[in-house]
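By convention in this document, chain letters (A, B, ...) are assigned in the order of the sequence lines, proteins followed by strands, and residues within each chain are numbered from 1.
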There are 2 protein chains.
Amino acid sequence: MPRSPDLLFRSLADPTRRAIFEGLCRHGEQTVGALTAKAGVSQPAVSKHLGVLRQAGLVRERHEGRLTHYRAQPKALAPLLDWTSRMATFWESRFDDLENLLNRMDQ
Amino acid sequence: MPRSPDLLFRSLADPTRRAIFEGLCRHGEQTVGALTAKAGVSQPAVSKHLGVLRQAGLVRERHEGRLTHYRAQPKALAPLLDWTSRMATFWESRFDDLENLLNRMDQ
DNA sequence: TTAATTCATAACCGCTTGGTTATGGGTTTG
DNA sequence: CAAACCCATAACCAAGCGGTTATGAATTAA
């Protein structure tokens, strides 16, 4: 089920959390330990960030023994794209003239 | 000058602020008073939200006597679209096989 | 079994933040 | 000029949040 953009915006508003998600998108599945090594904050802080990202649907976990692997779920970004393009659409639809639109965009 | 997505995410993380911006995108230029009437919070609160949105480049103001009109600047959403699509790109580029990609997206 | 490792949770803390009321500058109206 | 109006800023406050250390459950290694 698609989630509203609220959780997504709130989750991605924090730089540390965004960096963790970005690392998972760039380099694929990683353990909490690996993520902690790059995060610059303590392991419990990373775990809490992962909890927030998981609640927003942005990451998924996979347990393997005492290791926990996390991977990005970039499909969860879809509502964000939807909302953003919808804002642009609302704005654009208020003009009939395309040139007028482009002129205003360069203002 | 393009801004980093950080200010954008932080600015749009608040529901009230996002509603104000959405109202400006939907219905065009509006005064602070008109925005306050729909916001459900006090006028100073709206002014502060507009200040945050302005600092993020998401809105612009136009003074006309004692009225202040605000309008959306949806072009400022571009870094947000860039970041989001970049995340998807990073993630996709880690697979050679397109079918494999699609399968994983449906997981 | 004992010790070490990995991670999540609990408890706590300081800062940020979103809200309020109070106030004042600038502008229009009477 | 005086009064009303529009908005921004200041000052303050409660709540949320991101960080920490401490601890424990679960798993692996010795």
Side-chain angles (χ1 to χ4, degrees), chain A residues 3-24 27-73 80, chain B residues 3-24 27-73 80:
Chain A
R3 301 166 187 272
S4 82
D6 190 75
L7 268 179
L8 293 175
F9 276 117
R10 282 219 311 268
S11 299
L12 297 171
D14 180 73
T16 303
R17 207 147 51 215
R18 207 166 51 246
I20 290 175
F21 178 71
E22 190 162 339
L24 289 174
H27 308 110
E29 196 177 73
Q30 297 175 51
T31 67
V32 176
L35 292 170
T36 299
K38 305 175 185 175
V41 294
S42 67
Q43 173 266 312
V46 172
S47 277
K48 282 209 287 185
H49 284 308
L50 289 170
V52 173
L53 291 172
R54 177 165 40 86
Q55 194 179 352
L58 287 166
V59 301
R60 288 199 175 186
E61 49 186 350
R62 179 175 67 85
H63 297 283
E64 180 189 4
R66 63 183 170 186
L67 298 176
T68 305
H69 302 266
Y70 279 87
R71 65 180 186 281
Q73 199 74 14
L80 225 166
Chain B
R3 302 165 187 271
S4 80
D6 189 75
L7 267 179
L8 293 176
F9 276 117
R10 282 219 311 268
S11 300
L12 297 171
D14 180 73
T16 303
R17 207 148 49 217
R18 206 167 51 248
I20 291 175
F21 178 71
E22 192 162 337
L24 290 173
H27 309 111
E29 195 177 74
Q30 296 175 52
T31 67
V32 177
L35 292 170
T36 299
K38 305 175 184 175
V41 294
S42 67
Q43 173 266 312
V46 172
S47 277
K48 283 209 287 187
H49 283 308
L50 289 170
V52 173
L53 291 172
R54 178 164 41 85
Q55 194 179 352
L58 287 167
V59 302
R60 289 197 175 187
E61 48 185 350
R62 178 176 67 84
H63 297 284
E64 181 189 2
R66 64 184 171 184
L67 298 177
T68 305
H69 301 266
Y70 280 87
R71 66 178 185 280
Q73 199 73 15
L80 224 167

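Between the side chain of B:R71 and the main chain of B:R60, no donor-acceptor pair closer than 3.5 Å is present. Checking side-chain atoms of A:R10 against main-chain N and O of B:P15 turns up no donor-acceptor pair under 3.5 Å.
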Which protein N or O atoms sit under 3.5 Å from an N or O of nucleotides 18-25 of chain D?
| residue | atom | partner | partner atom | Å |
| --- | --- | --- | --- | --- |
| D:dG18 | OP1 | A:R17 | NH2 | 3.0 |
| D:dG18 | OP2 | A:R17 | NH1 | 3.3 |
| D:dG19 | OP1 | A:T16 | OG1 | 3.2 |
| D:dG19 | OP2 | A:H49 | NE2 | 2.2 |
| D:dG19 | N7 | A:K48 | NZ | 3.2 |
| D:dG19 | O6 | A:K48 | NZ | 2.5 |
| D:dT20 | OP2 | A:S42 | N | 2.9 |
| D:dT20 | OP2 | A:S42 | OG | 2.6 |

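Near DNA chain D, defined here as any heavy-atom distance below 4.0 Å, the residues from residues 61-68 of chain A are A:G65, A:R66, listed numerically.
Taking atom CG of residue A:L50 and atom C1' of nucleotide D:dC17, one finds them 16 Å apart after rounding to whole Å. Whole-Å rounding puts the B:H69 NE2 to D:dA8 P distance at 12 Å. C:dC7 atom C1' lies 14 Å from atom CD1 of A:I20, rounded to whole Å.
One finds the CG atom of A:L50 at 7.5 Å from the OG1 atom of A:T36 (value rounded to the nearest 0.5 Å). Here A:S47 contributes atom OG and A:Y70 contributes atom OH; the two are 6.0 Å apart, rounded to the nearest 0.5 Å. Taken to the nearest 0.5 Å, the NE2 atom of B:H69 stands 11.0 Å off from the CD atom of B:Q30.
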Kindly indicate, with the supporting measurements, whether the criterion side-chain contact (heavy atoms from CB on, under 4.5 Å) is fulfilled by B:H63 and B:T68. CA-CA 5 Å; B:H63 297 284; B:T68 305; 3.4 Å; yes
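A:R18 places a side-chain heavy atom less than 4.5 Å from the side chain of B:D6. In this structure, A:L58 and A:L12 have side chains that are in contact, with non-hydrogen atoms separated by less than 4.5 Å.
Neither OP1 nor OP2 of D:dC6 sits under 4.0 Å from any side-chain N or O of B:Y70.
Here B:T31 lies in heavy-atom contact (under 4.0 Å) with sugar-phosphate atoms only.
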